[in-house]
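Since we're looking at a predicted model, the values are computed, not measured. One is the number of the first residue; the rest follow in order along the sequence.
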Amino acid sequence: MSRLDSISALSLLCFWFLCIEASVHEYAGERFVSKGNAFVVHGGSEGIYSSFPNQTETTISANGDSYIRFERITFRRPKEFSNSSSGLVQAIVFEVEDREMIGGSAYGGQRAVCCSADLAKLGACSQGEVIHRPSSRDPSWPQVFGISFNIDELAATLPSKLIQITKTGMYNLYFIHCDPNLKELVVEGKTVWKNPTGYLPGRMAPLMNFYGFMSLAFVILAIFWFSQNARFWREVLPLQNCITLVITLGMLEMALWYFEYAEFNETGIRPTGITVWAVTFGTVKRTVARLIILMVSMGYGVVRPTLGGLTSKVIMLGMTFFLASEVLELVENVGAVSDLSGKARLFLVLPVAILDAFFILWIFTSLSATLNKLQARRMMVKLDIYRKFTNALAVAVIVSVGWICYELYFKSNDAYNEQWQNAWIIPAFWQVLSFSLLCVICTLWAPSQNSMRYTYSEDASEEFDKDDTTLTLIKPSPIPSKNVRSSPEAIPVASVNGVSNGDLEEDKTE
C-alpha cells in the first residue's frame with residue numbers, strides 16, 4: 001500500500017473510473033475489490049447543492065430538498081462462507097473536503113482504511129471497522145453505518161436511510177468491509193441522489209439551461225439563413241444547401257440534448273432512446289461540418305466542379321471520423337453507469353483526436369494551395385472571401401489549442417472534483433466555439449443576389465488546375481484599353497494569360 005492516504009486513493013478511483021453520473025445508482029451484484037487492508041465498492045460520487053431553506057429531515061418536500069436515499073441495499077455471500085458470523089459491512093458517505101477524516105495509522109506508519117490491532121490498542125477505533133473521525137465543520141459527518149452477517153445468513157440488508165444534504169459539495173459513497181472471510185461478497189440495490197431542482201447531478205445541472213439557450217440560438221440563426229434562402233432561392237449554391245443541413249442538424253441536436261437532460265432531471269434515469277438520437281445527430285453534424293470545411297478549402301463548388309480522385313479519400317476520412325466519434329459519445333453518454341478505466345477512455349479518445357488533427361492539417365494545406373491559385377488568377381472577390389474564411393479557421397484553431405491547455409490544467413489540478421460547479425463550462429465551450437464558427441461561415445456564404453459570383457465557372461477553371469509554378473510564371477495582363485481591344489495581336493495575349501471575360505468583369509466589380 002502506498003504512503004498516500006488510502007481514502008484519497010479511493011477518491012482518485014472516481015476520477016480515473018468515470019464516476020456514475022446518474023442520480024439513481026443501481027448495484028447489480030457489484031463485487032468488493034481489495035484496496036490495502038480494506039475491501040471496497042464505489043457507490044457513487046456527485047456534486048450536490050444544499051437543500052433550500054426551511055427544509056428539514058422530517059419535512060421532505062417534492063422540491064427544494066437534497067438527499068441521498070438508500071433503498072434495499074443488500075449484501076450477499078456464497079453459502080460455503082456462511083458458517084460463521086462476520087464483521088461489519090459499512091456504508092460511508094463523506095464530502096470530498098473531509099477525505100482526510102477517513103483512515104489512520106499507528107505510530108506514523110502507513111495509513112489504512114480499516115482499524116488494525118495496533119490502532120485498536122491505542123483506543124483510536126474498533127478493530128475490523130472503518131477508521132473515521134468527526135469533521136471539524138460538522139461533527140455528524142462523515143456518515144457511517146453498517147450491518148453484519150449472522151451464522152448461516154446468506155444476505156444482510158441495510159435499513160432504509162435518508163441522508164439530507166445541508167452543505168453544497170462533492171459527496172462520495174463507498175461500501176467497505178474489513179473481514180477477509182467475506183469472500184465473493186456482492187452488493188445489490190440502489191441509492192437515489194437528489195438536488196434541490198431535480199435529479200440531475202450537480203455538475204450536469206447547468207447544462208440543461210445551456211442547451212436550452214443553444215436551441216434558441218440555433219433557431220435565430222435558422223430564421224436568418226432560411227429567410228435568405230427564400231429570398232434568393234434562384235441563387236442558392238450546393239455549398240449553401242450543405243450549410244442548411246448543418247444548421248438543421250444543430251437545431252435537432254440541441255433540442256434533443258435539452259429534452260434528454262429535462263427527462264433525466266425529472267426521473268433520475270437517463271433516457272436511452274433520446275440520448276442515442278442526440279449523440280447520433282451531434283456526430284453527424286460534426287462530421288458533415290468538417291467535410292464541408294475540407295471541401296471548401298479544396299475549392300469545391302467555387303473554383304472546381306468536383307474533387308476528382310480525392311472524393312473517395314474525403315468520404316473515407318468522414319466515415320472513419322463518424323464511427324470513432326459515435327463510439328466515443330455513445331460510451332460516454334448512454335446509460336446510467338460508466339465504468340471505463342482511464343486507459344480504456346484514452347483508447348477511445350485518441351482516434352478522434354488524431355483524425356481531428358489530420359482534418360486540420362489537410363484543411364490548411366488545401367487552403368494554402370487554393371489561395372495561391374486564386375491570387376495567381378486574380379479572382380479578387382473569391383480571394384477576399386477565402387482570406388476571411390482562413391482567418392476565421394486560424395482563430396478557431398488557436399482558441400481550441402488554448403482551451404485544450406486550460407482543460408488539461410483544470411483537470412490536473414482537480415483530482416478530487418472539488419471544482420465540479422465549474423466543470424460544465426468545458427463541454428459548453430466547445431459547443432459555443434463550433435456555433436460561432438458556423439455563424440462566421442453563414443455570414444461569408446449567405447445567399448444573396450451576388451451568390452453566383454462565388455460559384456464555379458468553366459472559363460475561370462481552365463487554367464486553375466494547372467501547376468502553381470506555371471501560373472506564377474505568367475504575369476497577369478492589365479485590363480485592355482479600347483486601343484488594345486482593336487489590335488489583333490492583343491487577342492492571343494489575353495488567351496495566353498487565360499484571363500476570361502468573367503474574370504475581367506470580376507476585376508471591374510472589385
Side-chain angles (χ1 to χ4, degrees), residues 15-16 18 203 206-207 210-211 214 217 243 246 250 253-254 257 279 282-298 313-314 317-318 320-329 331-333 342-343 345-372 385-415 417 419-445:
F15 177 74
W16 291 111
L18 286 181
R203 57 176 167 257
L207 288 173
F210 170 77
Y211 284 120
M214 287 301 298
I243 296 174
V246 173
E253 181 196 9
M254 294 300 107
W257 277 124
V279 165
T283 305
V284 172
K285 183 199 75 174
R286 287 190 294 275
T287 303
V288 172
R290 282 162 173 77
L291 291 178
I292 290 174
I293 292 174
L294 178 58
M295 290 189 296
V296 169
S297 301
M298 293 176 173
K313 295 179 181 179
V314 171
L317 178 61
T320 306
F321 179 83
F322 171 79
L323 291 175
S325 299
E326 181 77 356
V327 171
L328 174 62
E329 294 296 325
V331 170
E332 282 192 336
N333 292 285
K343 292 182 180 179
R345 175 176 166 77
L346 186 64
F347 176 76
L348 295 175
V349 171
L350 271 179
V352 178
I354 293 172
L355 289 169
D356 259 331
F358 191 80
F359 262 116
I360 292 172
L361 181 63
W362 199 356
I363 285 169
F364 279 97
T365 302
S366 301
L367 272 175
S368 177
T370 303
L371 286 170
N372 288 337
I385 196 171
Y386 263 84
R387 281 175 174 168
K388 292 177 180 178
F389 179 60
T390 303
N391 292 337
L393 285 181
V395 170
V397 171
I398 293 172
V399 172
S400 297
V401 172
W403 188 257
I404 289 173
C405 294
Y406 170 75
E407 188 174 343
L408 292 173
Y409 170 81
F410 180 89
K411 291 183 176 180
S412 64
N413 287 276
D414 190 33
N417 292 320
Q419 301 297 321
W420 58 274
Q421 296 182 68
N422 300 321
W424 69 274
I425 298 175
I426 291 176
F429 172 83
W430 295 112
Q431 295 286 357
V432 172
L433 181 63
S434 62
F435 178 76
S436 301
L437 185 58
L438 179 60
C439 288
V440 171
I441 293 174
C442 288
T443 302
L444 292 176
W445 270 281

*Asks:* Side chains of Met298 and Val314: does their closest heavy-atom pair fall under 4.5 Å?
*Replies:* yes

*Asks:* I'd like to check Ile363 versus Leu367 (side-chain heavy atoms, cut-off strictly below 4.5 Å). Are they in contact?
*Replies:* yes

*Asks:* Compute the ring centroids of Phe210 and Trp257, then answer whether they are less than 6.0 Å apart.
*Replies:*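 Centroid separation for Phe210 and Trp257: 6.0 Å or greater.
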
*Asks:* I would like to know whether Asn391 and Val395 meet side-chain contact (heavy atoms from CB on, under 4.5 Å); could you show each step before the answer?
*Replies:* CA-CA 6 Å; Asn391 292 337; Val395 170; 5.5 Å; no

*Asks:* Please tell me if the side chains of Trp430 and Ile404 come closer than 4.5 Å, counting only heavy atoms from C-beta onward.
*Replies:* yes

*Asks:* Which pair of heavy atoms, one from Met214 and one from Phe435, lies closest together, and at what distance?
*Replies:*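 It is CE-CB, 3.8 Å.
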
*Asks:* Which pair of heavy atoms, one from Ser400 and one from Leu433, lies closest together, and at what distance?
*Replies:* OG-CD2, 3.1 Å

*Asks:* To the nearest 0.5 angstrom, please state how far the CG atom of Leu408 sits from the CG atom of Asn413.
*Replies:*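 Result: 11.0 Å between the selected atoms.
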
*Asks:* Can you confirm whether Val327 sits close enough to Leu323 that some side-chain heavy atom of one is under 4.5 Å from a side-chain heavy atom of the other?
*Replies:* no

*Asks:* Look at the side chain of Thr443 and the backbone N and O of Cys439, then say whether any donor-acceptor pair between them is shorter than 3.5 Å.
*Replies:*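 Answer holds: yes.
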
*Asks:* Just verifying a value: how many Å separate Thr320 OG1 and Ile354 CD1, rounded to the nearest 0.5 Å?
*Replies:* 12.5 Å

*Asks:* Once rounded to the nearest 0.5 Å, what's the spacing between atom CZ of Arg290 and atom CE of Met295?
*Replies:* 14.0 Å

*Asks:* Identify the heavy atoms of Leu294 and Ser366 that sit nearest to each other, and give their distance.
*Replies:* CD1-OG, 4.4 Å

*Asks:* Any side-chain heavy-atom pair from Leu371 and Phe389 closer than 4.5 angstrom?
*Replies:*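 With C-beta onward as the side chain, the pair stays apart.
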
*Asks:* Give, for atom OG of Ser412 and atom CD of Glu407, the distance between the pair rounded to the nearest 0.5 Å.
*Replies:*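 The OG atom of Ser412 sits 11.0 Å away from the CD atom of Glu407.
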
*Asks:* Between Ile426 and Trp403, is there a side-chain heavy-atom distance shorter than 4.5 Å?
*Replies:* yes

*Asks:* Which heavy atom of Ala423 sits nearest to which heavy atom of Pro427, and what is that distance?
*Replies:* O-CD, 3.3 Å

*Asks:* Whether the side chain of Thr283 engages the backbone of Phe322 through a donor-acceptor N/O pair (distance < 3.5 Å, no angle test) should be reported.
*Replies:*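 A pair under 3.5 Å: no.
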
*Asks:* For a quick test of reading the model, state the closest non-hydrogen atom pair linking Thr287 to Gly318 and the distance between them.
*Replies:* CG2-O, 3.4 Å

*Asks:* Any idea how Tyr406 and Phe410 line up, ring-wise: parallel (<30°), tilted (30 to 60°), or perpendicular (>60°)?
*Replies:* tilted

*Asks:* Compare all side-chain heavy atoms of Ile293 with those of Ile441 and state whether any distance is below 4.5 angstrom.
*Replies:* yes

*Asks:* Do the non-hydrogen side-chain atoms of Phe359 and Leu291 ever get within less than 4.5 Å of each other?
*Replies:* yes

*Asks:* Enter the distance from Ile360:CD1 to Trp362:CH2 here, rounded to the nearest 0.5 Å.
*Replies:*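 One gets 14.5 Å once the value is rounded to the nearest 0.5 Å.
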
*Asks:* Could you measure the distance from the CD atom of Glu253 to the CZ atom of Arg286? Nearest 0.5 Å is fine.
*Replies:* 6.0 Å

